[in-house]
Amino acid sequence: MERGVVDLSSLSGGFDLQATVESGQSYLWDRTDGRMYENRDGGAYGGTAWYWTTVRTDDGTPAVVRVRQTDGRLEWESTVDATDRLRHRLRLDDDLGAIEAATPDRPLLGRAFDAYRGMRLVRDPSFASLVSFICSAQMRVGRIHGMQQALREAFGEPVTFDGGTYHAYPTPESLATATEADLREVGLGYRAPYVKRSAELVADGELDPDDATGRPYEEAREFLTGFVGVGQKVADCVLLFSLGYLEAVPLDTWIRTTIEEYYPDCERGSYEETSRAIRETFGGEYAGYAQTYVFHYLRSGGE
DNA sequence: TAGATACCTTATAG
DNA sequence: ACTATAAGGTATC
């Protein structure tokens with residue numbers, strides 16, 4: 001067992017672990033106390049709960065990383081050195097202060113940033129992010145998370161850690177090998193064939209979500225719709241929560257409602273044009289940050 | 001090309 | 001208890 005501490009006190013804009021991993025952008029973290037999503041407004045840092053996920057080591061085998069936030073520190077336990085991986089996965093190097101400063105003073109945005117100060121975007125592994133958001137169609141966040149847990153337990157490689165058994169996120173190969181019936185068995189419903197066929201595309205080397213990286217934003221979004229079960233909204237989620245396109249604004253039901261109520265002039269009829277308008281309203285470069293704050297704020301009962 | 005509809009499953013509202 | 005509704009949409013016609 002290795003242990004480490006990441007100092008958070010010097011981070012611009014601070015950090016809020018609970019808000020970051022329980023805000024519906026990542027479905028790859030679990031609370032060890034099993035109380036995920038229970039107290040959204042929750043006390044400071046979710047009562048310093050422990051969370052765990054898995055990371056890929058250099059030789060390709062998965063390792064468990066367990067973390068908790070206490071005051072200005074992020075403590076971790078793992079079998080590998082997790083400091084750099086956590087900085088990367090939790091975007092601890094983002095200059096949140098500058099990002100908020102660059103966000104326009106528009107209705108709702110200030111309150112949303114205030115409510116979850118320190119919440120950061122995540123950088124999830126691309127395949128897991130892709131499958132998570134294929135599963136997200138017409139689902140509540142608690143059940144999306146439950147689906148990912150079920151997928152891990154049914155198809156993920158077991159990892160022993162600190163006397164317990166955990167499961168890594170399934171590989172493309174394992175989900176491509178699963179039958180549609182297998183995937184329906186774990187509660188995916190009509191998303192089952194989407195997940196299987198998209199996993200096959202990756203496993204067969206026909207399409208790789210990482211190949212979206214480097215393309216101009218709208219082209220990258222179009223590229224990702226080549227997967228099955230991936231429309232523009234899901235593509236935007238993968239771009240924002242995995243591939244680092246911070247300007248991506250997924251137009252989900254919450255944001256559409258927000259546009260109706262607060263930014264009606266941004267409603268342009270098509271996804272593409274409405275997306276352009278709301279991204280501009282949210283400040284362009286970091287518009288996805290604003291979207292994520294608004295989403296979490298409203299969904300958590302902010303107003 | 002734009003518009004309507006089916007789709008798994010379950011938590012929640014009434 | 002029971003039914004209707006909606007949930008971070010997409011594929012298909």
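Note on naming: letters A, B, ... go to the chains in the order of the sequence lines (proteins, then strands), and numbering restarts at 1 for each one.
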Exercise. Side-chain N or O of Arg184(A) less than 4.0 angstrom from OP1 or OP2 on dC8(B)?
Worked result: yes

Exercise. Checking all strands, does Gly231(A) fall into the base, sugar-phosphate, or nothing category for heavy-atom contacts under 4.0 angstrom?
Worked result: sugar-phosphate

For this session: Using only heavy-atom distances, determine whether the side chains of Tyr286(A) and Asp94(A) contain a donor-acceptor pair under 3.5 Å.
Result: no

Problem set entry | Nucleotide nearest Arg191(A) when distance is taken to its side chain, options dT12(C), dC8(B), dG8(C) | dC8(B)

Problem set entry | Check against ring-ring contact (aromatic ring centres under 6.0 Å, His included), Tyr263(A) and Phe282(A) | CA-CA 10 Å; Tyr263(A) 315 105; Phe282(A) 282 179; 5.6 Å; yes

Exercise. For the pair made of CD in Glu273(A) and C1' in dA2(B), what is the distance, rounded to whole Å?
Worked result: 15 Å

Exercise. Between dT10(C), dA7(C), dA11(C), which nucleotide gets closest to the side-chain atoms of Val228(A)?
Worked result: dA11(C)

Problem set entry | Span that lies between the P atom of dC8(B) and that of dC13(C), in whole angstrom | 14 Å

For this session: Measure the distance from NE2 on His145(A) to P on dT9(B) and round it to the nearest whole Å.
Result: 21 Å

Exercise. Any N or O donor-acceptor pair linking the side chain of Tyr271(A) to the base of dG9(C) at under 3.5 Å?
Worked result: no

For this session: Indicate, with a heavy-atom threshold strictly under 4.0 Å, whether Phe227(A) touches base, sugar-phosphate, or nothing.
Result: sugar-phosphate

For this session: Determine the interatomic distance between P on dG8(C) and the same-named atom on dA6(B); round to the nearest Å.
Result: 22 Å

Problem set entry | Evaluation steps, salt bridge (charged side-chain N to carboxylate O under 4.0 Å, His left out), between Glu218(A) and Arg276(A) | CA-CA 10 Å; Glu218(A) 290 187 344; Arg276(A) 287 178 181 161; 2.9 Å; yes

For this session: For Arg197(A) and dA11(C), give me the distance from atom CZ to atom C1', rounded to whole Å.
Result: 9 Å

Exercise. Within this structure, what is the CG-to-C1' distance between Leu183(A) and dT9(B), rounded to whole angstrom?
Worked result: 15 Å

Exercise. P atom, dT5(C) versus dT5(B): distance in rounded Å?
Worked result: 15 Å

Seminar exercise, completed: Here the distance between atom P of dA2(B) and atom CD of Glu272(A), to the nearest Å, is 11 Å

Problem set entry | Pairwise C1' distance for dT10(B) and dA11(C), with rounding to whole Å | 23 Å

Exercise. Counting side-chain heavy atoms from C-beta on, which of dG8(C), dC7(B), dT10(B) comes nearest to Thr253(A)?
Worked result: dG8(C)

Problem set entry | Centroid-centroid under 6.0 Å between Phe241(A) and Tyr27(A) rings | no

For this session: Rounded off to whole Å, could you give me the CE-to-P distance for the Met139(A) and dA6(C) pair?
Result: 15 Å

Exercise. Taking any strand in view, what nucleotide pairs with dA11(C) in a Watson-Crick or G-U wobble way, both distances under 3.5 Å?
Worked result: dT5(B)

For this session: Figure out the CZ/P separation between Arg140(A) and dG8(C), and round it to whole Å.
Result: 6 Å

Exercise. Base, sugar-phosphate, or nothing: which does Thr257(A) touch, judged by heavy atoms less than 4.0 Å apart?
Worked result: nothing

Exercise. Got a donor-acceptor pair under 3.5 Å from the side chain of Tyr190(A) to the base of dG9(C)?
Worked result: yes

Exercise. Of the non-hydrogen atoms in Ala220(A) and Leu239(A), which two are nearest, and what is the gap between them?
Worked result: CB-CD2, 3.8 Å

Problem set entry | Over-ring placement of Arg215(A) relative to Phe223(A), 6.0 Å and 45° cut-offs | yes

Problem set entry | Value in whole Å for how far the P atom of dG9(C) lies from CZ of Arg256(A) | 9 Å

For this session: Determine, answering yes or no, if Phe295(A) is stacked on dG8(C) under the 5.5 Å centre rule and the 30° plane rule.
Result: yes

